[in-house]
Amino acid sequence: MAQLLLVEDDAAIRGALIRALTERGHVVTSHDEAEIIRVLDAGADDYVVKPFGAGQIDARIRAVLRRAGSADPAAAGPLEVGGLRLDPDAHEATLDAMRLDLSRREFDLLHYLALHAGQVVTRRDLLTHVWRMPYGGADKTVDVHVSWLRRKLGETAQHPRYLHTVRGVGIKLSPPP
């Protein structure tokens, strides 16, 4: 995910830009020149001076992603983990060929975990990538949604099939043995 540094004098315009970019999955920070220099020295790929258009920002982000070799994971098509199948294009999830009735957030959570199947994903990563809250949020939000997903997958925290809690670390999606 790209991290953007946004500098804008007008609070209303800055707020609108931050909302628009955040909704598209980008991390946006807004600080003074010293912070700009610090972020560029720390590895930021670009700095944009106003005036600029949204198209220019999107093009710069695509260029950074191309240089980084990143591809849109959703473009890879359906994901399968054991009997669990997620189709991001159709926004459908099935378990053993039975359709799961998931909310948008539940689907996004399950999709992100499926993209990282077999890996432990921290609550912070989930808040950043699924909830778009890179600077924090309530860990209980993640716990509640994981609980709802477990119920819909026919499992419990005590008897997990797909969603395994790694105590003190995070959640791991893996197929049943």
Side-chain angles (χ1 to χ4, degrees), residues 1-6 14-31 39 42-44 61 64-65 68 70-177:
M1 178 177 306
Q3 181 166 356
L4 302 173
L5 176 65
L6 177 66
R14 183 177 53 246
L17 286 169
I18 289 172
R19 278 190 303 281
L21 291 167
T22 302
E23 287 170 2
R24 288 176 176 80
H26 306 298
V27 178
V28 181
T29 59
S30 179
H31 297 284
V39 171
I61 291 168
V64 170
L65 293 174
S70 297
D72 182 2
L79 298 168
E80 293 188 23
V81 179
L84 182 63
R85 185 174 193 275
L86 289 109
D87 184 346
D89 294 330
H91 212 291
E92 291 181 350
T94 58
L95 178 61
D96 300 326
M98 299 290 292
R99 190 172 189 287
L100 295 172
D101 184 25
L102 302 178
S103 70
R104 181 185 61 81
R105 186 75 71 192
E106 290 167 342
F107 183 88
D108 292 347
L109 173 58
L110 194 55
H111 183 252
Y112 188 80
L113 291 169
L115 286 170
H116 300 88
Q119 302 171 18
V120 179
V121 179
T122 66
R123 284 171 178 78
R124 170 70 54 215
D125 285 341
L126 293 172
L127 286 168
T128 299
H129 299 289
V130 177
W131 276 265
R132 309 275 190 241
M133 297 170 60
Y135 303 110
D139 285 352
K140 289 296 177 192
T141 298
V142 174
D143 295 339
V144 168
H145 281 79
V146 167
S147 174
W148 292 341
L149 271 180
R150 281 193 169 122
R151 189 174 318 133
K152 291 180 179 184
L153 294 172
E155 61 183 66
T156 64
Q158 295 76 25
H159 299 96
R161 290 179 52 211
Y162 287 92
L163 297 173
H164 301 269
T165 299
V166 179
R167 192 176 215 77
V169 182
I171 306 294
K172 178 171 63 170
L173 176 71
S174 57

Between His111 and Asp108, is the side chain to side chain contact (heavy atoms under 4.5 Å, CB included) condition met? List the steps. CA-CA 5 Å; His111 183 252; Asp108 292 347; 5.6 Å; no
Working for side chain to side chain contact (heavy atoms under 4.5 Å, CB included), residues Leu149 and Tyr162: CA-CA 10 Å; Leu149 271 180; Tyr162 287 92; over 6 Å; no
Does the pair Glu106 and Val130 meet the rule for a side chain to side chain contact (heavy atoms under 4.5 Å, CB included), with working shown? CA-CA 9 Å; Glu106 290 167 342; Val130 177; over 6 Å; no
Would Ile171 and Thr165 count as a side chain to side chain contact (heavy atoms under 4.5 Å, CB included) if you check the C-alpha gap in whole Å, the side-chain angles of each, and the deciding distance to 0.1 Å? CA-CA 5 Å; Ile171 306 294; Thr165 299; 3.8 Å; yes
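Between Arg105 and Thr141, the side chains place no donor N or O within less than 3.5 Å of an acceptor N or O (distance only, hydrogens not considered).
When atom types are taken as modelled, the side chain of Ser147 and the backbone of Asp143 share no donor-acceptor pair closer than 3.5 angstrom. For Arg150 (side chain) and Leu163 (main-chain N/O), a donor-acceptor pair under 3.5 Å exists by modelled atom type.
The NZ atom of Lys140 sits 14.5 Å away from the NE2 atom of His145 when rounded to the nearest 0.5 Å. Interatomic distance, CG of Asp87 versus CG of Leu79, reported as 9.0 Å (0.5 Å rounding). Atom CG of Leu126 sits about 8.5 Å away from atom CZ of Arg123, to the nearest 0.5 Å. In this structure, the separation between CD on Gln119 and CG on Leu173 is 10.5 Å, given to the nearest 0.5 Å.
Nearest heavy atoms, Val81 versus Ser174: CG1-C, 4.0 Å. Across Arg161 and Leu153, no two heavy atoms sit closer than the pair NH1-O, 3.5 Å. Across all non-hydrogen atoms, the minimal contact from Glu92 to Phe107 is O-CE1, 3.4 Å. Minimum heavy-atom separation, Pro88 to Pro78: CD-CA, 4.1 Å. Taking every heavy atom of both residues into account, Tyr112 and Asp125 meet most closely at OH-CB, 4.3 Å. The two residues Lys152 and Asp101 have their closest heavy-atom pair at NZ-O, 2.8 Å.
Residues Leu100 and Leu84 have side chains in contact (heavy-atom distance under 4.5 Å, counting atoms from C-beta outward).
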